[in-house]
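Take a look at the structure below.
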Protein chains: 2
Amino acid sequence: MTSSDGFRRMTTMREVAEAADVSPMTVSNTFRYPDRVQEDTRQRVEDVARQLGYVPNMSAGHLAAGKSRLIGSTIPSVKNSSFYQYISGLEEAADAAGKKLVFMLAESPEQEFEAVQAFIGLRVSGLILIGNEHTPATVDLLRRSGIPLVETWLLHDPIDKAIGYDIAAAVRAACRHHIKAGRRRIGLVSHGDPASRRFRERPPVFRAEMRAAGLREDLIVDVAEPHGFEAGSEALDNLLSLDRELDAVICPTDIVAAGIIFECNRRNIAVPQKIGVIGWGDYEIASAIAPKLTTVKPNPKEIGSGAVKLLFQQDNQLPGLSVDTGFDLIERETAS
Amino acid sequence: MTSSDGFRRMTTMREVAEAADVSPMTVSNTFRYPDRVQEDTRQRVEDVARQLGYVPNMSAGHLAAGKSRLIGSTIPSVKNSSFYQYISGLEEAADAAGKKLVFMLAESPEQEFEAVQAFIGLRVSGLILIGNEHTPATVDLLRRSGIPLVETWLLHDPIDKAIGYDIAAAVRAACRHHIKAGRRRIGLVSHGDPASRRFRERPPVFRAEMRAAGLREDLIVDVAEPHGFEAGSEALDNLLSLDRELDAVICPTDIVAAGIIFECNRRNIAVPQKIGVIGWGDYEIASAIAPKLTTVKPNPKEIGSGAVKLLFQQDNQLPGLSVDTGFDLIERETAS
DNA sequence: TGCGGTGATTGTAGCGCTACAATAGTTCTG
DNA sequence: CAGAACTATTGTAGCGCTACAATCACCGCA
């Protein structure tokens, strides 16, 4: 193979054109607008192109056309398995729209900025970001670029458009579920990472609900890593030392919930009899673990496919449009 | 925002140059080779660029330079949590090398072909693919393009270079571990998806080991989805109906192993007393579940970072180089 | 026979940038 | 103080492609 930062000189459109004895424009049309080209010509061009291993140079194409068929999308980390469905949704919808999805990793607002900058540099035709936790520089760049943008998993204050669900409403539903089941000492496992507003939003809502019900509102513990099982043991421990009569928990993810179940098993605490547990996300483990997790289920696939549709929706809607894909509180075994 | 398939006319290098009263080349140098430009000039150009919201057009840059700073990488699916470390490794090494990683989803050889084509279209400077299960068209494209390529997670027959571990050796280690513990009726949970040679490689090695030890070599069952917990229950069921005295299992992933543990709990089968279980991957759940999983641990992070380094290694090495990152059989509780 | 109409094909120009060579400006050496 | 040896900056040319308008070939019909 060639040197590390160049690439072997590849077949160009002109070479294909010469070999197929047509003009470059016909080759271009063959690839971009096949029905502008007569059947047999197209066939011939395609054959020659294949023989020569021709792959159109997107950079040149994008430059000349002033547009691209790429959609840029960030992924926060691949720890969270529920993003699988989200990404499937994105992929399917992008495919249907004839666009290509490219991803870059963005685990912090700073990395997100880098990713956004690279995507804008590539002149993607649309951008899909997770959440609304951006640096001011990112927001500025986004605004100036004018690239269609969808923020996902949340609804509030979109820069352009947003699709997701109402997290506060889901917290309320979880609280009320426990209360209705007669639980009186309810704990919340939260995650305060500044990068995660979608977690930070929860404690205030929780407190308000508890206050309204006349219950303790201070049973809140923080975990550093909401995608690890150990966080569950730790959180349970801390919660129990706050109130040893704790009888219910609401978790930031199903992983933490599973960690709590594992820990309860070890300590011989009966779930749901002694402690009721509500998870979040409806990950696979929710229905695999024994007892099965009661959990908050967003609609990741709908968020994904909806995001792409929203991106290219030709509405005269002013920016600020939010689409609510809803959520369900799936009742299984860990919280009656 | 603008119409769906274009983007707002963005600031160009020439505009920045005019505003900063320098030539376009100085702007170019400011971004690409800062030390070719005098400190104060650079400062001025940077300020002006920031004010105008200038983001260099990578398409134009790539076209003009005949090269890019992008590395293309496929992700097979985001179901598998152990890829997190792999991707971290890629990201860190790419960062250190001053390259940008872009991902595309490739869940089948056909999707992989599309992704490779898109990456070549973008003229990435290197390509990192998972596994060696490619369509002939993909291999052909890869060969012709001459783009540096690393295949990961495997060692055999690389097109260009490969980095990973010896799966056959790991299967052998797992078999021998069970045998040494006195297990005599050992089952293998396999996964025959044609897209997954890394799974398909296992049964023959397993059979050979069993034969060599004079044990049954036909206790093999297939699961459709190696990343789901239910597969565990199902596999255990099938294995037990093949031999109700089954006393050991080797799994394709820790998820399946966890599913088997869950099922054993339900059926009151003691692990590891009655059945020993070896998982694969050392996912987080391996050390979270009770009893803790004995498992095969590859070195995902090393595979990731090694892949990037390998990609741009200026060795005179002929293509065909494979780097073995090894594996460990982590002894925990489910197989003594 | 000629003329408009239709559809396929082609030439022109330029997208925004960078490699490279050339030029201007500045310092150093004998 | 001339001229070599830098360094900072600038023109020139062209990367490979596509939008757009122009051209060409062919048909039917008056």
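Reckoned from all heavy atoms, side chains included, excluding hydrogens, waters and symmetry mates.
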Rounding to an integer number of Å, can you tell me how far [X] [atom1] sits from [N] [atom2]?
X: B:M10; N: C:dC17; atom1: CE; atom2: P; value: 10 Å
X: B:N29; N: D:dT10; atom1: CG; atom2: C1'; value: 10 Å
X: A:D35; N: C:dA8; atom1: CG; atom2: C1'; value: 12 Å
X: A:R69; N: D:dC17; atom1: CZ; atom2: P; value: 16 Å
X: B:N57; N: C:dG14; atom1: CG; atom2: P; value: 18 Å
X: B:L63; N: C:dA19; atom1: CG; atom2: C1'; value: 13 Å
X: A:M58; N: D:dC17; atom1: CE; atom2: P; value: 12 Å

So, OP1 or OP2 of [N]: does either fall under 4.0 Å of a side-chain N or O from [X]?
X: B:T26; N: D:dT9; result: no
X: A:Y33; N: C:dA8; result: no
X: A:S28; N: D:dT18; result: yes
X: A:R36; N: C:dT9; result: no
X: A:T41; N: C:dT9; result: yes

Q. Under 6.0 Å from the six-membered ring centre of B:Y86 and within 45° of its axis: does the NZ or CZ of B:K301 meet both?
A.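 Not flagged: B:K301 not positioned over aromatic ring of B:Y86.
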Q) What nucleic acid atoms does A:F31 come within less than 4.0 Å of, heavy atoms only: base, sugar-phosphate, or nothing? A)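 No contact.
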Q. Is it the case that more than 12 heavy atoms not belonging to B:D324 sit under 6.0 Å from its CG atom?
A.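 Counting other residues, nucleotides and ligands, CG of B:D324 exceeds 12 neighbours.
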Q. More than 12 heavy atoms of other residues, nucleotides or ligands under 6.0 Å from CZ of A:R69: is that the case?
A.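 It does not: A:R69 CZ has 12 such atoms or fewer within range.
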Q.
As a test of reading the structure: which of C:dT18, C:dT9, D:dT18 is closest to the side chain of A:Q38, going by heavy atoms?
A.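 Minimum distance to the A:Q38 side chain belongs to C:dT9.
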Q: Looking only at side-chain atoms of B:R32, point me to the closest of C:dA8, C:dT18, C:dC17.
A: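 It is C:dT18.
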Q | Audit row: B:E302, B:K309, salt bridge (Lys or Arg N to Asp or Glu O under 4.0 Å) steps and yes/no | A | CA-CA 10 Å; B:E302 285 64 40; B:K309 285 177 206 146; over 6 Å; no
Q. On DNA chain D, nearest-nucleotide positions of B:V37 versus B:A64: which is more 5'?
A.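 Looking at DNA chain D, the more 5' nearest nucleotide goes with B:V37.
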Q) Does the salt bridge (Lys or Arg N to Asp or Glu O under 4.0 Å) test come out yes or no for A:R143 and A:D140, once each step is laid out? A) CA-CA 5 Å; A:R143 286 235 156 81; A:D140 185 55; over 6 Å; no
(Q) For B:F119 and B:F103, I'd like to know if the aromatic rings sit close, meaning centre-to-centre distance below 6.0 Å. (A)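 No, the ring centres sit 6.0 Å or more apart.
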Q: Can you sort out which residues in residues 12-25 of chain A have a heavy atom within less than 4.0 Å of DNA chain C? Ascending by number, please.
A: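 Within this stretch, A:V22, A:S23, A:M25 sit under 4.0 Å of the strand.
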**Q.** Gap separating the OG atom of A:S73 from the CE atom of B:M104, nearest 0.5 angstrom
**A.**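 These two atoms lie 11.5 Å from each other.
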